[in-house]
Peer 1: 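Before anything else, here's the structure in question.
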Amino acid sequence: MAVVYKKSEALTDAPLTYCPGCTHGIIHKLVAETLVELGVFDRAIGVGPVGCSALCDFFFACDMFIAAHGRAPAVATGVKRAHPDKIVFTYQGDGDLASIGTAEVVHAAHRGEKITTIFVNNAIYGMTGGQMAPTTLVGQKATTAPEGRSEEHCGKPIRMAEMLATIEGAKFVERVTVNSPANVRKAKAAIKKAFECQIEGKGFAMVEVLSTCPTNWGYSPVEALRWLDENMVPYYPLGNYKNEL
Amino acid sequence: MAKKLMKGNEAIAAAAISAGATHFFGYPITPQSELIEYMARELPKAGGCFLQAESEVAASYMVYGAGGAGARVITSTSSPGLALKQEGLTYMISAGIPCVVVNISRGGPGLGNILPAQSDYFMCTRGGGNGDYYHPCFAPASVQECVDLVRHAFDVADKYRMPVLVLGDGMTGQMMEPCEIPPRQEVKADKPWAADGNHVARGEHNRINAMDLQADVLEAKNEDIQRRLKEIAETEVMYETVDVEDADIVFVAYGTSSRAVKNVLSKAKAEGLKMGLIRPISLWPFPTEAFDKIKKDCKAVIAVEQSCGQMVEDVRLAVLGRWPVEFYGRSGGNPIIPDDVLKMAKDILGGK
Ligand SMILES: Cc1ncc(C[n+]2csc(CCOP(=O)(O)OP(=O)(O)O)c2C)c(N)n1
Ligand code: SF4
Ligand SMILES: [Mg+2]
């Protein structure tokens, strides 16, 4: 029988711990498939965050680190400097990358660190139960913004792709999402380029992936995909922000 | 081997390179600047990688990454910087990552000042981050000892898979003394646990992390950490004693203050007074066994520190009520005045 689909060899057999309908799983799959398709799985090293993907060291079949909250780009810097010939990526949430770890990602980009960052923006702190993130939309409810995020009180959400694209050392920056088959394909193409950026030794690359958190948003998986489309995409425009490949 | 006149800070850096360190990550701070500058200049010449981090927090995670990937790695800082590195240290304890961390300490609390002080004893010996742990901490008192202890620290770190601290102060870092730097050794330590990207050849992936969600798994990890710490406590104790057996007064002092106390000892000797010194070289594990050499009718054990009294707590635990424990300390970067220490000791002896 012809094999139509099979799980990437860059993923282990460990069952994913994500909630039903969460798009973290799709993003894992895209990263894993890309590593294999680019022929770099056998020299990849990943660095996971603190957040819902803090167990991704069990899921990715390559050597893995889990960093402290926000520190993945610094850990990846150490790994890459120790093994410049390896392909090093970070996988981070929005609390991780856009709040506690802003300094680390900005400076990894600023140094032109030859790593690839997968930034999973779900506009919420998923793992800790739905607190406000710097990326939470104005008006969006969170457990620490029970009336919805107020611009007056805590500003407007931060746009990391736009910001990082201004940094010289960042050579590839794109924002994608995975809420439809077409968008999944585009996301994969962007992730591929972000790894090619590293393979070619160009500099820092980041793909921001708008992702769902049905559990903490309080929607069904299908509603969450729609909410993302109607609310996140307008504020976080999809597209390429930097491509110096 | 020819002796060279070197500053403590430079000697530490040179010793790290000679010990086979391949990676240095750090952030500038006085009074350890010569160390990071020497590394920037010399480590690349030895084929290594020097990288200035954006903060001490980032530096400690670069160490986590490079050390976890199998490199022989070192970072250095001074007190406020070490405070920031504590998060990384507890993560490295949990993840089992060897590295050497140098603290050329200064006056505190807060930004304090850049003068020599020993007020980081607690932070350096108690496991300054969260969780159940200690880590070895060595305190050199001369430039040559800086060299020897840095090399030793790398081997201890690799053997027990944990961070090892080397604690000096502004004086240790700034003073110049002759020292011998051994030739550089290339270290090919066997690190089968390292996440170095060889998962395919190895047949399984290595995972470096500091989180264990299941109680039993975390407890097993903690027991393993404690097992290694126990072995260190049994085998890695280092100290020097001077005239302790016969002494009516025994001082306990480490690093810079031990040099002031040696000055006190010669003054006392000239006056016919019997005084001795226990100089802890490993601050953790603390050399409790050295105290067994003290005679029964010794009048007092005096802890001498450039702090408001930190090591004195370990001294009390080591003494266990056998002799009165007194404390002499200066803080704010002020030096220990040997004549004041001698006077204090003489007062205890009753003007003898
Ligand atoms: C130093 C530190 N502060 C706080 C936490 C608690 N914490 C764990 S995960 C998390 C937020 C994660 O959110 P995000 O990065 O958006 O990832 P998600 O779970 O949404 O994928 C926080 C605050 C922590 N583990 N460490
Ligand atoms: S809490 Fe949200 S982000 Fe985390 S696994 Fe569940 S749905 Fe996904
Ligand atoms: Mg999130």
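Note on naming: letters A, B, ... go to the chains in the order of the sequence lines (proteins, then strands), and numbering restarts at 1 for each one.
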Peer 1: Below 4.5 Å from any heavy atom of chain B, which atoms of A/A54 appear? Answer side chain, backbone, both or neither.
Peer 2: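 Both parts, backbone and side chain.
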
Peer 1: Measuring heavy-atom distances to chain A, does B/E87 have an atom under 4.5 Å in its side chain, in its backbone, in both, or in neither?
Peer 2: side chain

Peer 1: Chain B heavy atoms under 4.5 Å from A/F41: which part of the residue, side chain, backbone, both or neither?
Peer 2: both

Peer 1: Is it the side chain or the backbone of B/Y64 that comes within 4.5 Å of chain A heavy atoms, both, or neither?
Peer 2: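 Both parts, backbone and side chain.
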
Peer 1: Per the side-chain contact (heavy atoms from CB on, under 4.5 Å) rule, which among A/H83, A/K86, A/R43 passes with B/N198?
Peer 2: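 Answer after filtering A/H83, A/K86, A/R43: A/K86.
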
Peer 1: Let me know if B/A59 has heavy atoms under 4.5 Å from chain A in its side chain, its backbone, both or neither.
Peer 2: neither

Peer 1: Could you check A/R111 against B/E54 for side chain to side chain contact (heavy atoms under 4.5 Å, CB included), going step by step and ending with a plain yes or no?
Peer 2: CA-CA 10 Å; A/R111 286 188 301 269; B/E54 64 270 29; 2.8 Å; yes

Peer 1: Nearest heavy-atom pair of B/A69 and A/F65: which atoms, and what distance?
Peer 2: N-CZ, 3.6 Å

Peer 1: Roughly how far, to the nearest 0.5 Å, is CZ of B/R207 from CZ of A/F60?
Peer 2: 14.0 Å

Peer 1: With only heavy atoms counted, which part of A/I45 is less than 4.5 Å from chain B, the side chain, the backbone, both or neither?
Peer 2: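 Side chain of A/I45 only, per the 4.5 Å heavy-atom cut-off to chain B.
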
Peer 1: Are A/R71 and B/Y91 side-chain neighbours, meaning at least one heavy-atom pair lies under 4.5 Å?
Peer 2: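 No, their side chains stay 4.5 Å or more apart.
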
Peer 1: So, A/D63 side chain and B/N206 main chain: donor-acceptor pair closer than 3.5 Å or not?
Peer 2: yes

Peer 1: Would a 4.5 Å heavy-atom cut-off, applied to side chains only, mark A/E104 and B/V57 as touching?
Peer 2: yes

Peer 1: For chain A, which of B/T22, B/L213, B/V63, B/L51 has the most heavy-atom pairs under 4.5 Å?
Peer 2: B/L51

Peer 1: Tell me, with the steps shown, if B/H205 and A/D57 meet side chain to side chain contact (heavy atoms under 4.5 Å, CB included).
Peer 2: CA-CA 9 Å; B/H205 69 156; A/D57 58 330; 5.7 Å; no

Peer 1: Examine distances only and state if a side-chain atom of B/H23 and a backbone atom of A/G78 form a donor-acceptor pair shorter than 3.5 Å.
Peer 2: no

